[in-house]
Structures are given as structure tokens and as C-alpha cells.
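All chains are named by letter (A, B, ...) in the order of the sequence lines, taking the proteins before the strands, and each is independently numbered beginning at 1. This one's a predicted model, so the numbers in the text were calculated from it and none came from an experiment.
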Amino acid sequence: MTSKSKIALIAVALAVLIVWAFVTVIPLYWMFIGSFQDSAASAVFKPQMIPEIWSIAPYERFFHKAAAVRWIVNSVIVASVVTVTNVFFASLAGYAFAKLKFPGSKTIFWALLTTMMIPAQVTLIPLYILMINIFQLGDTYTAIVLPAVVSVGNVFLMKQYMSTLPTSLIHAARIDACSEFGIYRKVILPMAKPGLAVLAIFTFVAQWNEFFWPLLVTKSSEMRTIQVGLASFVFAESTDYGAIMAGASVGALPMVILFFSLQRYFLQGITVGAVKG
Amino acid sequence: MARVEFKNIVKVYEDEKRGSFTAVKGSSFVIEDREFVVFVGPSGCGKTTSLRMIAGLERQTSGDIRIGERVVNDLHPKDRDIAMVFQDYALYPHMTIAENLSFGLRNLKRPKDEIERKVKEASSILGLGDMLSRKPRELSGGQRQRVAVGRAIVRDPQVFLFDEPLSNLDAKLRIQMRVELAELHKRLGATIVYVTHDQVEAMTLGERIVVMNEGEIQQIASPTELYNKPNNMFVAGFIGSPAMNFIDARIGGGQALLAGGTAFPLPEAAARALGAYEGKPIVLGVRPEHIYGEAMAPDRAGSAKLEAHVQVVEQLGAESLVYFRVGERMVTARVHPELPVALGARQTFVLDAAKLHWFDPQTEQRIVF
């Protein structure tokens, strides 16, 4: 390739990336800017891109709601628990499906995968009846968390990731007198950190943004998560967009923190050097 | 240290798609205490499977494996008192070299001072002293290989298992490590089972070599015996580099009639032994180093001569490889570099009569006399 066409290619790639970045950043910017503009009780939300007057009134209105802090705490609790259980169970199951030989492993794995094809709406009502009517778990953390303890998608993700880890390390550990759980804990988990970080972030974000299920199984304002709570700023005649933006900005913080704390694992090739020269 | 015994070992793999595949077809042998035995053979011959069955990473379909006095069929790898060095080293990437070396002992809950002492010993034997706090990725291939060996040494096992440990190293390093492994065996006086597909490695390291092909043991013998008295055409062709030449022939009237028309009188003993093959096809096996250019043939070589057109000459410095055709088969001669050879010229070669091997073309077994 000539250097001219190379430069042209880079220019096109850059242009695409800039547009993409712009499209990604604009909604966030809009949310952030909107949270500092007082548009209380307006039916239409038209924040200025560069605001003339900055106001913290939306934040005051958001935190004025009795349960606002509680919503965030609830979201943190629910998303954290779901993240931890998913990381634990999905990595265990993924390891078993990827590296352990046991009768029926393929059948079980495919049966699990098949469940991914069932739309969530189909299982919603039976799940609701199970949680609320049979287990009597209405308005509890357990009701929000239990159905999300481990997802098949995460098991699949982990199985694919674990398949890339060298099997000889597992054999070496087995000869090195390591127990099966010891192999998982001392050899597999440390090597799977990049995969687990991805899984943790995806799971946390997905659970944080979960709206419908927490709305269904919680009744009291104290048990709402942030996403459900924010909906209470939508009134019959108007919507307090400023307060919603303020709440959304506050609510985005834990995700930002999580992402940056796990970011290094995304790019870290931890298995480099394990095998071959 | 301990002996290892295989008794009628069969290993069958069941595969949903391909059906069943027998990787090891009834192996029986004994590896003596403190012996260095090499399993050698082409890919898929069952050598690694055999090693992994000793390790307990695979369970044999039938038969018994003994390590020392114990039958280990149902023992977990950790209870077999073995240590294994893997082809890809299998070092734990997130642990330092010291942690890698001590991992097994820590799992066995050995006292701290014992672990420290053994790690120190192993690292001094292998020259790893200043690398203990590094991670595997900071080490070169040869150093990683040493760590992998060190991890086996600290365990002080009854049997060391090596699964093609040198195949990831470059040629120069491989020769160096080969020497180091041979020295290590002397020093440790350990029972070692070593798997390789490289016959040079097998010949230089093994006190005895188990040659395998398609799941069957072809021969178990010392390197020199394998070289001088191969059981069959497979062993004859596998051991030695360049490989032994096979020439189609017939026996008639005390003479060997080679494909392509050359004939030479057989030595008396050979003529007697090959009498049964009178008029029948037979395969003559001769190693490249036992074919001489006529001008430089030693007197004892005898009168087994053949003429051929030289097709290719490879000058290697210390020797030359000359290729020519006899009948359908290409034959290689390893000759003195100063032998005058002209490409395309008709040249007379002398086969060393005392070093000829004769094989039955049906059974491929060597005809012993």
C-alpha cells in the first residue's frame, strides 16, 4: 500500500471513530448539562448545549425526594450482589463446561443455551407468580436478585473464555496435588481475570439499568432501585427532566468508578508467558 | 525412586463423531528403577497417551499400571508420587518462579523451611537463583524450561515424566538442554520416562528406547541395539538420520538381485539364512552411512556394488549426501565430502556387506541370522 492511500485510510478510520465517539458522548453530555438546567415542570425538555445559567436546583429536587439516596443504595446492593454471584457461578460453570469431562456436559450446555432463545417476557409472569405468590418475596432484595443470580449468557461467555486457557496448566496443578476447587481458585481464576472483569462490568451495568423486574416486584418507595425511582419524576401532566437528569448523573457514577477500577484487566494479556516462548 | 510397569495396557477413546479409536493396543513393559526410558514414535503413536496414563491424567481402558510396588490404576495424579514436565512448560503465569517451584509442596502442606530448602536446592541445580522473584513471562524459553524441570525436582518424586520438553526450543538450545537433562539424570539417579518424536533426542538421552507406532510397541531396546538390530522396517526407518534405505530385491543362486538390475553375491551366512526366499521378493535395508563411493570404500566392505546416476548432492561440510535411484526407490548415501561426485554422472557405490539388513516384504520383519 502506498503511503498516500495509507494516510487516506487512517483519515477515514479517524473520521468514523470521531463520529462514533460523538454519537456515544452526546447523550451523556446532554444528561450532564441537562442536570444543571432548571426546567422544572416543563412538558418539553430542551436543554441548551452550552448553558447560560447553571443551576443546582434539579439536584436539590432529586435529593429532596425522601428515598433518593436509598434508591442509589438499593441499586448498589442489588447490582453488586448480582455481579458477585454471576462472576462466581458463571466462572465455575464455565470452567466445568470448558475443561472438565463429565457425562452429559455437552447436552447440559446446549440445553442451557437453548433457554437463551426464550424471550424474557415469556417467563415474566410465571417468575412473578413464583416470587410473589409462592415464595412470598414481594418488596424484598431477594425478589430482585434471585432471578438474576447467574445468567446463561454469562456462563456461555465464561465457557468461551476458559476454553482459551491452556489445559496443561490444569494438568500441572492436578499433579502438583491441587484439589479441583483449588485449581479453580488458584490457577483458573487468576488467569481468567480479564474475562471476569468484562463479565463483572457487563453484569453490573445491565443490573444497574434493569427497570421492569424491580418495578414489578417492589412496592414501597424504599425498595425501589434508582432506575425505577427516577420514573417517579414523571407526573401525569409533566415530567421533571432536570431532576431525572440529576438522578441519572448521580446514578452513573458507580458504573464509571467500576469501569475505571477494572479497566486495566481489559487490555491485560495475563496469560502471556504461560505457554511457549 | 521406583520401577514402572505396564501390563496389557489398552486405551480406547470414544468419540461421538468419529467412533472409537484405540490409541494404545495392549502395551506391556517394565521401566527399571533409575532407568532413563524414552518413548519415541510419530504423531498419534500412543507415546504421550502412555505417559499421561502413568501420570494419571488419562485412565487406561484395561490393564494395570504399577509404580513401585503399588498398582496405581485408581490413584489420583497427586497420589502417584510422580512429577511431570510439559511440552509447553505449563508454568502458572500469575505466580513468581519461586511460587511456581513451591506450588506442589505448598499444596502438600509441607513445612515452610523444607519448602524453602528444596526450592533453593532446585534453583541452584538449575541456575535459577536470581530469577526467583520474576514472573514466567520475563524469562526466555530455555529459562522457563529449567523452571518446569525445577518444579519437578522439588517434588522429589519416584518417577519423572517428560512430555516432549524440548520441542519448543530452538535447535541450539535444544542440544544444550539435552546435555543438561542427561547430566541431571546422572545427578538425581531418578527414574525418567521421556516422550519425544525426535529420534536424535531419543538416541542421545535414552538408556532404553520404546519405539511405538499406531498404538503398538515396535521394539524396546538400547539405542545401539535399535540402530544395529531393528526388529522391523518401521524401526529401521525411524531410527537413524537420514533414514535407512530400502531397496527391492530378489534372492537367486546365492546372489542378491536388486531392482534396477544390479546383482552381487551374498556372504555365506546371509545366503544360508535367505535360502527360504529363493526366487521371492525381499527388501534390502542399508543405512546411508554404510554406502561408500567406490574410490573410498574400505577393504572390508566387500563386493556388494551398484551403479546409479547421481541425482542430487548435498554438501554438509563434514559429509555429503548423495541421492540416486535404485529401481523405484530413492536411495541416500552419506559419503566422505572429498569423494568426487558429478551430478548426473554414473557412479559406482559399495554397500557394506556386514551392515546389510534383510526384511520380509509381507511381514516387514527383519530376517535374523
Exercise. When you look at NZ of A:K99, are more than 12 heavy atoms from neighbouring residues, nucleotides or ligands closer to it than 6.0 Å?
Worked result: yes

Exercise. Looking only at heavy atoms, which two atoms of B:H94 and A:V187 are closest? And how far apart?
Worked result: CE1-O, 3.7 Å

Exercise. Under 6.0 Å from the CZ atom of A:F22, do we count more than 12 heavy atoms belonging to anything else shown?
Worked result: no

Problem set entry | Among B:Q143, B:M95, B:H76, B:Q145, residue most engaged with chain A (heavy-atom pairs, under 4.5 Å) | B:H76

Exercise. How long is the span from the CG atom in B:N107 to the CD1 atom in A:I175, to the nearest 0.5 Å?
Worked result: 12.5 Å

Exercise. Is atom CD of B:E69 surrounded by more than 12 heavy atoms (other residues, nucleotides or ligands) closer than 6.0 Å?
Worked result: no

Problem set entry | Residues, nucleotides or ligands: over 12 heavy atoms within 6.0 Å of A:I125 CD1 | no

For this session: May I ask you to decide if A:A172's main-chain N or O and B:R151's side chain share a donor-acceptor pair within less than 3.5 Å?
Result: no

For this session: Pick one of side chain, backbone, both or neither for B:I82, based on which atoms fall under 4.5 Å of a heavy atom in chain A.
Result: both

For this session: For salt bridge (charged side-chain N to carboxylate O under 4.0 Å, His left out), just list the numbers for A:D176 and B:R155, CA-CA rounded to whole Å, side-chain angles, deciding distance to a tenth of an Å, and then say yes or no.
Result: CA-CA 8 Å; A:D176 269 342; B:R155 294 281 307 280; 3.3 Å; yes

For this session: Over all heavy atoms of both residues, which pair between A:A177 and B:L108 is shortest? Give the atoms and the distance, please.
Result: CB-CD2, 3.5 Å

For this session: Sort B:R52 into side chain, backbone, both or neither according to what part of it lies under 4.5 angstrom from a heavy atom of chain A.
Result: side chain

For this session: Answer yes or no: is there a side-chain heavy-atom contact under 4.5 Å between B:Q87 and A:S168?
Result: no

Exercise. Looking at B:G104, B:G142, B:A55, B:A148, which makes the most heavy-atom pairs under 4.5 Å with chain A?
Worked result: B:G104

Problem set entry | B:Y92 side chain vs A:K186 backbone, donor-acceptor pair below 3.5 Å | no

